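See structure below.
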Amino acid sequence: MTEQTTPPSGYLPPSAVTVSRVPGAGAVTESPAGTTVTGDYGQQLTVSKTKGLDESGASVTVSGQGYRVDKGIYVAFCVDNGPGKQPGPCGGGADMSGASGASQWISNNPPSYGKDLAKPFGPDGSFTAQLKISPVLSTEPKIDCRDSGVKCALVSRTDHTRTADRTQDVVVPVKFGPELAPVAETVVTPQSTSTMPIVLVGLGAVVALVAVVLVIRLLRKRSAA
């Protein structure tokens, strides 16, 4: 579905709410629930699995908390374009119905046409969505998350009524394919610098030399007799 960049006729957005950035923005934490990234305004996005995803497709659980409920969002699998830039394009586009399974529209105040499509936020700006994702975001143009230079992530971003607003953005990078085993470090044990073998060899040579001298002297004495 083509993404709508302007609100429909008659749509009035909610009053603005003053927000402030929070310490710890961008923090990443790991837990049994998955990988959690904290957004600029304290909102948190958690993805159940972010590494070693099946290249034929994977199902992941995406949950969030602390989001502003006056601004609708999409939870989707998108290209990460870097800080301050809207993530996109996304798998399934602006899939307001959630039919593709690649994104979910969440809003407490959707336009009239979206009242049966968007899911509302839960308590404290929370939500949970089940998404189906694959490394190929699109075939025309081809966008493959496994290609060099292409960074893909599960994200939250403002919906199509506020495309320029970045206050709901949170980005959790993901990778497809088998995880590479860590390279084992080779520990080189220093060889002993003991000189004991050399000393023993030298002592043996001295003993042999002394024995030879004694034999020669004994032979000379016998000859003289």
Side-chain angles (χ1 to χ4, degrees), residues 17 19-55 57-92 101-107 119 121-137 143-159 162-185:
V17 177
V19 294
S20 301
R21 291 177 181 268
V22 301
V28 179
T29 57
E30 302 286 347
S31 72
T35 300
T36 300
V37 175
T38 300
D40 288 346
Y41 300 94
Q43 72 274 37
Q44 294 184 325
L45 189 67
T46 300
V47 179
S48 58
K49 185 175 181 179
T50 59
K51 299 177 182 178
L53 295 174
D54 191 336
E55 294 181 275
S59 295
V60 294
T61 301
V62 185
S63 58
Q65 62 181 6
Y67 281 77
R68 287 182 56 176
V69 299
D70 62 319
K71 296 182 179 184
I73 64 171
Y74 286 119
V75 181
F77 183 53
C78 310
V79 173
D80 176 10
N81 295 310
K85 298 180 180 179
Q86 183 186 49
C90 301
S103 64
Q104 179 66 61
W105 186 17
I106 300 171
S107 177
K119 291 185 176 182
F121 285 100
D124 300 320
S126 62
F127 61 84
T128 299
Q130 300 290 330
L131 301 186
K132 297 177 181 178
I133 62 176
S134 66
V136 180
L137 281 180
I143 301 177
D144 192 324
C145 297
R146 296 165 295 187
D147 290 344
S148 176
V150 180
K151 297 180 180 180
C152 294
L154 282 154
V155 311
S156 62
R157 45 172 266 197
T158 50
D159 63 20
R162 295 172 179 264
T163 55
D165 190 331
R166 306 268 61 81
T167 59
Q168 298 278 64
D169 288 5
V170 183
V171 176
V172 182
V174 300
K175 290 186 179 295
F176 288 86
E179 294 186 65
L180 297 178
V183 178
E185 294 185 5

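Model, not experiment: these values are computed from the prediction.
With respect to Phe77, the side chain to side chain contact (heavy atoms under 4.5 Å, CB included) criterion is satisfied by exactly one of Ser134, Cys145, Cys90: Cys145.
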**Request:** Before giving the answer on side chain to side chain contact (heavy atoms under 4.5 Å, CB included), spell out for Val28 and Thr35 the whole-Å C-alpha distance, their side-chain angles and the decisive distance to 0.1 Å.
**Result:** CA-CA 7 Å; Val28 179; Thr35 300; 3.8 Å; yes

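The minimum heavy-atom distance linking Lys132 with Ser59 is given by the pair CG-OG, 3.8 Å. Considering every non-hydrogen atom in both Pro89 and Ile143, the closest pair reads CG-CD1, 3.3 Å. Scanning both residues, Glu55 and Pro178, for their nearest heavy atoms gives OE1-CD, 4.1 Å. Of all heavy-atom pairs between Arg166 and Thr158, the closest is NH2-OG1, 4.0 Å. Counting all heavy atoms, side chain and backbone alike, Leu45 lies closest to Val62 at CD1-CG1, 3.6 Å. For the residue pair Ser156 and Ile73, the shortest heavy atom distance occurs at CB-CD1, 4.3 Å.
One distance of note links NZ of Lys175 with NZ of Lys151; it measures 8.5 Å at 0.5 Å rounding. Taken from CD1 in Ile106 to NZ in Lys119, the straight-line distance is 8.0 Å, to the nearest 0.5 Å. Taken to the nearest 0.5 Å, the CG atom of Asp165 stands 11.5 Å off from the CZ atom of Arg157. Between Gln168 atom CD and Tyr74 atom OH the span is 13.5 Å, to the nearest 0.5 Å. The structure places NZ of Lys71 at 10.5 Å from CG of Asp159, a figure rounded to the nearest 0.5 Å. Here the CD atom belonging to Gln86 is positioned 7.5 Å from the CG atom belonging to Asp169, to the nearest 0.5 angstrom.
A distance below 2.5 Å between sulfur gamma atoms is not met by Cys78 and Cys152.
Contact of the Val60 side chain with the Leu53 side chain is registered, since non-hydrogen atoms from C-beta on lie closer than 4.5 Å. For the pair Arg21/Tyr41, a side-chain contact is recorded, criterion being any heavy-atom separation below 4.5 Å from C-beta on. Residues Asp80 and Pro87 have side chains not in contact (no heavy-atom distance under 4.5 Å, counting atoms from C-beta outward). Counting heavy atoms from C-beta outward, Val75 and Leu154 have side chains that stay 4.5 Å or more apart.
Side-chain atoms of Asp124 and Ser126 form no donor-acceptor pair, as typed in the model, at a separation below 3.5 Å. Side chains of Ser63 and Thr128: no donor on one and acceptor on the other come within 3.5 Å.
Between Tyr67 and Phe121, the angle of the ring planes stays under 30°, which puts this pair in the parallel group of the 30/60° scheme.
Ser48 contributes a side-chain N or O that, together with a main-chain N or O of Thr61, makes up a donor-acceptor pair within less than 3.5 Å. The main-chain N or O of Ala25 is never found under 3.5 Å from a side-chain atom of Asp40 such that the two would form a donor-acceptor pair.
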